[in-house]
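First comes the structure, then the notes that go with it.
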Amino acid sequence: ADFAPRRPVHTCNTTLLPGCDPSVFDTTINTFRSNAFSFYNSLQARLEKRLTHGLTFQASYTYGHALDNASSANLGSFATGDFRDQRFPKLEYGNADFDVRHRFVMSYAYELPFGRGKRLAGNAGGVLNQIIGGWVVSGITSASTGNYFTPTDISTNLSNSDGGGDVANSARPDRVGDPNGKPCIPGTVFNTCAFVTNTVLGTFGNAGRNIIRGPGFQNWDLSFLKNFPIGERYRFEFHADFFNIWNHVNPQLFPAKFLFDNPSTDHGLDLAPGESGCPVDNNNENCAWGFPQSARDPRFVQFALKFYF
């Protein structure tokens, strides 16, 4: 068995480096260490308007930065990647998996000024008041920048190491540009041309941990409420709730069912244009490289009717 104890594991890619010697290396050694550290700093602002004239809202903004050298026990997370050199964990110090640089949330509610006792049509009664009165619009608006991800090299591991963690790969491509610049391939969500295959035997590739900023998101949830009074004691309450009302597409880099692998940040061998055979040519043997793998929920609508007595 290739991975049985004391059996050789050949990691030299003779296709990539025809002259290299497929040396014999030890198999994986599982370790559990306690050498991680983390920091978080943020600026938080909050604006609140208490209920007056039928309007209330609250807005919150956070500018934060979370840094660490491991965001879980073995880096087996949706951001992928592992310690390149177990002796020097500080080499992986960078953006945390859960780092979100900017986040804004606003909640609001407004009683429309129509109908009996309101500023407009305040003397309305009967059928007219049942139509125009008792309306409330409320909602929550959220916007956020994306999480950060680590590029890994799935085709070459020239580091002479087995890696580790649930992702079982510490090899990285080489960084030659800004991964968060304008994407060079249509449909990708980061600049895939910022990376090239590492070809230096005995190295890990120089791409750092969590240097790819994933796509952010924005979402609008709106609710329309209508009260139908029946005398002084009874009333019906109608709800129409719209989640992601604009049906805005919020792509995600990781698959909907994450299994400790993130195809969109798995860098394969670099290929010449037209060689990949992928539906969209991304000049890489991994057709998923740079492309979103899932999306947040689309628009959902629900209706409800309550009777109060």
Partners passing side chain to side chain donor-acceptor pair (under 3.5 Å) against K49 (at least two apart in sequence or in another chain):
T52
What are the two closest heavy atoms between [X] and [Y], and how far apart are they?
X: S276; Y: N284; value: CB-O, 3.4 Å
X: R209; Y: D97; value: NH2-OD1, 3.6 Å
X: F242; Y: V301; value: CD2-CG2, 3.6 Å
X: T265; Y: F190; value: CG2-CE2, 4.4 Å
X: L253; Y: Q293; value: O-CG, 3.1 Å
X: G214; Y: F149; value: CA-CE1, 3.9 Å

Do [X] and [Y] come within less than 4.5 Å of each other through their side chains, counting heavy atoms only?
X: S60; Y: L47; result: no
X: Y148; Y: R101; result: yes
X: L225; Y: S138; result: no
X: F98; Y: D68; result: yes
X: S38; Y: Y40; result: no
X: F217; Y: S142; result: yes
X: F307; Y: F309; result: yes
X: F254; Y: N147; result: no

Under a 3.5 Å threshold, yes or no: a donor from one side chain and an acceptor from the other, between S294 and Q252?
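Yes, Q252 and S294 have a side-chain donor paired with an acceptor closer than 3.5 Å.
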What's the separation between atom CD1 in I185 and atom SG in C278, rounded to the nearest 0.5 Å?
10.5 Å
Look up atom CE in M106 and atom CD1 in I140, then write down how far apart they are to the nearest 0.5 Å.
11.5 Å
Residues in ring pair (Phe, Tyr, Trp, His ring centres under 6.0 Å) with H248, at least two apart?
none
Using the ring of each side chain (for Trp, its six-membered ring), is F303 parallel, tilted or perpendicular to F238, with breaks at 30° and 60°?
parallel
Contacts table for residues 176-184: side-chain donor-acceptor under 3.5 angstrom, sequence neighbours left out:
residue: D178; atom: OD1; partner: N180; partner atom: N; Å: 3.0
residue: N180; atom: OD1; partner: R213; partner atom: N; Å: 2.7
residue: N180; atom: ND2; partner: I211; partner atom: O; Å: 3.2

Is R172 close enough and on-axis enough to F204, meaning under 6.0 Å and within 45°, for cation-pi?
no
Looking at the rings of F37 and Y93, which for Trp means the six-membered one, are their centres under 6.0 Å apart?
yes
Derivation and outcome, side chain to side chain contact (heavy atoms under 4.5 Å, CB included), residues D99 and H65:
CA-CA 6 Å; D99 180 36; H65 195 184; 3.3 Å; yes
